[in-house]
Number of protein chains: 2
Amino acid sequence: MLAKKTKYAIIALVRLAREYRKEPLQIATLAAEEKIPKKFLEAILRDLKNAGILNSVKGRYGGYYLSQDPETVNLATIIRLFNGPIAFIPCVTYLYYESCDVDKEEEFCGIRTFFKEVRDAAVEIFKKATLAEIIRREDALRASEKTVD
Amino acid sequence: MLAKKTKYAIIALVRLAREYRKEPLQIATLAAEEKIPKKFLEAILRDLKNAGILNSVKGRYGGYYLSQDPETVNLATIIRLFNGPIAFIPCVTYLYYESCDVDKEEEFCGIRTFFKEVRDAAVEIFKKATLAEIIRREDALRASEKTVD
DNA sequence: CAAATGTCTACTAAGTTGGTAGATTATATA
DNA sequence: TATATAATCTACCAACTTAGTAGACATTTG
């Protein structure tokens, strides 16, 4: 399951994507409006800045803002950053590769093939899930809700 | 990532599936041959018995054996038993349903749709991954290795 | 200078993971 | 019936992770 940190990161980023190219947003405002513990959010935003996804301005009227186009930031990146690898087992992982400790003869591992299928499917879907696409889906859902009544 | 307990469970089950309809296998033998800590394996096998997947005989020449056809036991069941839900977020989970604490207006949640896609893809693949199918893939890999040389 | 705001280090309580120890119960068979 | 064999059960533990919190410090604007 996703760590809360990852969830908070996604929520904060979607919000910051909605403010793309506007004034920077302050930690305190973001924390209050998205109901995220302020000090916890602080650490999350710092990580996102260190990862090059956000930028910040200090001092009065400062805050955080998205430093990349919302079309290019996707869930695969965010999940890897806060939650670790997307795969269920290390021997099918991108960037975190380790051989299965349990099974030295990896090439014979019939279990592995299924986990690789799952990982590949998940990565493909998460890569399509850009901040821009998430916002489009949210807006579409909101609109269809209104037309229903 | 998969807990070690889940990995061990899968390995033990694949082995027991290979012995299907033969003599029961003892914890000690299974532990030694599959390199699983004996006392840890003990707890795993008990859980599998309580879940109705294994049966056991006590006393001399006793041990554990698969009580279901290897064609009907799949990774989705095993992962859920030891690792919890397959989904990344609770609001798209089968049997463990909870609403997103972070977002009361679930129907508006654009993030959710992606996680649901991933979960559905994963469940579909894991359901096809029966013990029998894992063994077939293992044997196929082994055979193709031998023909290559 | 003062207020607002991000940055950094350190701490902590609760829960999970990956085990281990040891006593008990059931059964086959000599 | 005794004995060895094996599963069963309860309890414990160390290390790690998660979800925060506290408080001092640095930087910028007005």
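In what follows, chains are A, B, ... by sequence order, proteins preceding strands, each numbered from 1.
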*Shortest non-hydrogen contact from B:Ala51 toward B:Leu81*: CB-CD2, 3.6 Å

*Atom CG of B:Asp47 and atom C1' of D:dA7: how far apart are they, to the nearest Å?*
14 Å

*Separation of B:Lys7 atom NZ from C:dG19 atom P, in whole Å?*
11 Å

*Nearest heavy-atom neighbours spanning A:Leu45 and A:Ala12*: CD2-CB, 4.4 Å

*asked:* Nearest whole Å is fine: how far is C:dC8 P from A:Ile44 CD1?
replied: 16 Å

Where do N or O atoms of nucleotides 10-17 of chain C meet protein N or O atoms at under 3.5 Å, pair by pair?
none

For nucleotides 24-29 of chain C, which of its nitrogen or oxygen atoms have a protein nitrogen or oxygen under 3.5 Å away, and what is each distance?
| residue | atom | partner | partner atom | Å |
| --- | --- | --- | --- | --- |
| C:dA26 | O4' | B:Lys58 | NZ | 3.3 |

*asked:* Does a side-chain N or O of B:Tyr8 approach OP1 or OP2 of C:dG18 to a distance below 4.0 Å, or not?
replied: no

*Between B:Leu54 (CG) and D:dA6 (C1'), how many Å, whole number?*
16 Å

_Results of salt bridge (Lys or Arg N to Asp or Glu O under 4.0 Å) for A:Arg60 - residues two or more places apart only_ = none

*Whole-Å gap separating P (D:dA6) and NZ (B:Lys38)*: 9 Å

*With distance as the sole criterion, is a donor-acceptor pair present between the side chains of B:Asn74 and B:Thr130 under 3.5 Å?*
no

_Rounded distance (Å) that lies between atom C1' of D:dA7 and atom OH of B:Tyr65_ = 13 Å

Could you pull out all donor-acceptor pairs under 3.5 Å where a side-chain atom in residues 15-22 of chain A meets a protein atom, sequence neighbours excluded?
| residue | atom | partner | partner atom | Å |
| --- | --- | --- | --- | --- |
| A:Arg15 | NE | A:Glu19 | OE2 | 3.0 |
| A:Arg15 | NH1 | A:Glu33 | OE1 | 2.7 |
| A:Arg15 | NH1 | A:Glu34 | OE2 | 3.2 |
| A:Arg15 | NH2 | A:Glu33 | OE1 | 2.9 |
| A:Arg18 | NH1 | A:Asp139 | OD1 | 3.4 |
| A:Arg18 | NH2 | A:Glu138 | OE1 | 3.0 |
| A:Arg18 | NH2 | A:Asp139 | OD1 | 2.9 |

*asked:* Quick check on B:Glu71: does its CD atom have over 12 non-hydrogen neighbours (other residues, nucleotides or ligands) under 6.0 Å away?
replied: yes

*Could you state the CG-P distance from B:Leu41 to D:dA6, rounded to the nearest angstrom?*
14 Å

_Side-chain N or O of A:Ser56 closer than 4.0 Å to phosphate OP1/OP2 of C:dT5_ = no

_Rounding to an integer number of Å, can you tell me how far B:Leu48 CG sits from D:dT8 P?_
12 Å

*Salt bridge or not for A:Glu124 and A:Arg119, using N-O below 4.0 Å?*
no

What does the list of N/O pairs under 3.5 Å between the protein and nucleotides 9-17 of chain D look like, with a distance for each?
| residue | atom | partner | partner atom | Å |
| --- | --- | --- | --- | --- |
| D:dC9 | N4 | B:Glu42 | OE2 | 2.4 |

List the atom pairs, with distances to 0.1 Å, where a side-chain N or O of residues 37-44 of chain B and a protein N or O form a donor-acceptor pair under 3.5 Å, not counting sequence neighbours.
| residue | atom | partner | partner atom | Å |
| --- | --- | --- | --- | --- |
| B:Lys39 | NZ | B:Glu42 | OE1 | 3.2 |

*When you look at B:Leu75 and B:Ile125, which way does the side chain to side chain contact (heavy atoms under 4.5 Å, CB included) test go after all the steps?*
CA-CA 9 Å; B:Leu75 287 190; B:Ile125 293 166; over 6 Å; no

_Check: A:Glu23 side chain, A:Gly63 main-chain N or O, donor-acceptor pair, under 3.5 Å_ = no

*Ring centres under 6.0 angstrom apart (B:Phe114, B:Phe88)*: no

